[in-house]
Asker: 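Handing you this structure, nothing more for now.
All residue numbers in this chain count up from 1 along the given sequence.
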Amino acid sequence: MEKSSRLEKLNILIGTFFSETGTKSLKYFSKIDSLIDEIGSKLKVTDSWSDEDFKNALNYAKDRDYTLNASKEDIIEIYEFLSKNKEFLMRLLENPNLMEHEHFTELLRAVFHLLEELESRENLHESSENDIMHLNGDMVRSYRLITIEWVNYMKYLKNNYPYLFSLAMRRNPFDKTAKTSLK
């Protein structure tokens, strides 16, 4: 009973992460993913997905070769977004419930490392090609970890909260045609 309660609290934290920053981060990353059509076709979650579909999507998310091609403008946009959400991310990281979820803690560390790298630059507008390449690597790490957690979270929502799952499907950051509004 206690473990179930802790897992539920953890999933609430993960849900808050995706509501506040995770889904939007995936939107930024997927916008500069040269293979977005491929990942979009593999992660176009629907309400008819089975556990096997989620398993396949998770394996794909784990094994996929992530490549981002960020420009200076993209990097600045991501920096501005993450820096606006730094306080929220800090509060998540401080939550003791997260210590039980290694993957999510690793995800937050990767995002904080990316933010720290971005903050450490004196002027992102003057980033060298080597800097951009390095920052792309840090973004890929965050992108991969958030994507894996997103697949797990979508499965959790489908199995436990169909009304939240419905909105999450309509906000799918990998689906260029996703629309929140219902027809």
Side-chain angles (χ1 to χ4, degrees), residues 10-47 49 53-71 73-86 88-93 98 101 103-118 132 135-158 161 164-181:
L10 179 60
N11 281 309
I12 289 170
L13 290 172
I14 293 170
T16 304
F17 168 77
F18 280 107
S19 292
E20 294 297 317
T21 59
T23 300
K24 291 173 191 155
S25 294
L26 288 174
K27 283 244 184 233
Y28 283 116
F29 294 140
S30 66
K31 186 174 83 171
I32 56 175
D33 184 340
S34 58
L35 299 174
I36 187 57
D37 292 332
E38 177 189 307
I39 193 172
S41 69
K42 302 282 188 187
L43 300 182
K44 194 169 185 173
V45 180
T46 69
D47 54 4
W49 270 33
D53 292 319
F54 280 105
K55 180 181 173 189
N56 291 337
L58 186 59
N59 288 334
Y60 172 78
K62 287 178 179 178
D63 297 338
R64 164 175 207 260
D65 183 26
Y66 291 82
T67 305
L68 297 177
N69 298 309
S71 66
E73 292 76 22
D74 295 322
I75 289 169
I76 291 166
E77 190 176 17
I78 290 166
Y79 167 68
E80 289 171 352
F81 172 72
L82 290 177
S83 62
K84 277 193 286 188
N85 289 285
K86 184 177 183 176
F88 167 74
L89 293 167
M90 288 291 284
R91 282 184 279 140
L92 276 180
L93 197 56
L98 288 181
H101 196 297
H103 184 267
F104 191 71
T105 303
E106 182 182 353
L107 176 162
L108 288 175
R109 281 190 188 121
V111 171
F112 271 107
H113 175 74
L114 171 59
L115 182 54
E116 187 175 20
E117 286 279 355
L118 292 165
I132 291 171
L135 292 169
N136 265 301
D138 291 330
M139 287 187 289
V140 162
R141 182 182 306 108
S142 295
Y143 184 30
R144 179 180 180 276
L145 293 170
I146 297 170
T147 301
I148 291 167
E149 192 60 43
W150 181 84
V151 172
N152 285 323
Y153 184 63
M154 291 298 287
K155 180 180 178 187
Y156 168 78
L157 288 181
K158 182 177 186 304
Y161 296 98
L164 294 175
F165 179 69
S166 172
L167 178 59
M169 277 190 312
R170 290 180 278 129
R171 293 179 66 206
N172 186 330
F174 303 105
D175 182 357
K176 290 191 230 177
T177 64
K179 300 263 187 279
T180 306
S181 301

Asker: With I78, which of L82, I75, I76 fulfils side-chain contact (heavy atoms from CB on, under 4.5 Å)?
Answerer: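 So, applying the side-chain contact (heavy atoms from CB on, under 4.5 Å) to I78 and each of L82, I75, I76, only L82 qualifies.
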Asker: Evaluate the side-chain proximity of I146 to V111: yes if any heavy-atom separation is below 4.5 Å, no if none is.
Answerer: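 The answer is yes, as the side chains (C-beta and beyond) meet within the 4.5 Å cut-off.
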Asker: Does F174 offer a backbone N or O that forms a donor-acceptor pair with the side chain of S30 under 3.5 Å?
Answerer: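 Not a single qualifying donor-acceptor pair exists.
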Asker: Would you say that N152 contacts I14 through its side chain, given a criterion of any heavy-atom pair below 4.5 Å between the two side chains?
Answerer: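 Of all side-chain heavy-atom pairs linking I14 with N152, none is under 4.5 Å.
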Asker: Are any side-chain N or O atoms of K42 and backbone N or O atoms of Y60, one a donor and one an acceptor, separated by less than 3.5 Å?
Answerer: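 No; judged by distance alone, with no hydrogens or angles, the pair does not exist.
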Asker: Under the salt bridge (charged side-chain N to carboxylate O under 4.0 Å, His left out) test, which residues partner R141, sequence neighbours left out?
Answerer: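 Residues passing salt bridge (charged side-chain N to carboxylate O under 4.0 Å, His left out) with R141: D138.
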Asker: Measure the OG1-NZ distance between T21 and K84 for me, rounded to the nearest 0.5 Å.
Answerer: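 That separation rounds to 12.0 Å.
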Asker: Taking the basic N atoms (NZ, or NE/NH1/NH2) and the acidic carboxylate oxygens, is any pair closer than 4.0 Å for R64 and D33?
Answerer: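 Counted as a salt bridge, because a side-chain N and a carboxylate O are separated by less than 4.0 Å.
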Asker: On a heavy-atom basis, which atom in M154 and which in M169 lie closest, and how many Å separate them?
Answerer: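 That closest heavy-atom pairing would be CE-N, 3.9 Å.
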Asker: If you define the side chain from C-beta out and look only at heavy atoms, does anything of N172 sit under 4.5 Å from W150?
Answerer: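 Result yes, sub-4.5 Å side-chain heavy-atom pair found.
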Asker: For a ring pair (Phe, Tyr, Trp, His ring centres under 6.0 Å) check, start with the C-alpha distance between Y153 and F17, then their side-chain angles and the critical distance, and finish with the verdict.
Answerer: CA-CA 11 Å; Y153 184 63; F17 168 77; 9.3 Å; no
Asker: Between V140 and T67, is there a side-chain heavy-atom distance shorter than 4.5 Å?
Answerer: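 The answer is no; the side chains never approach within 4.5 Å.
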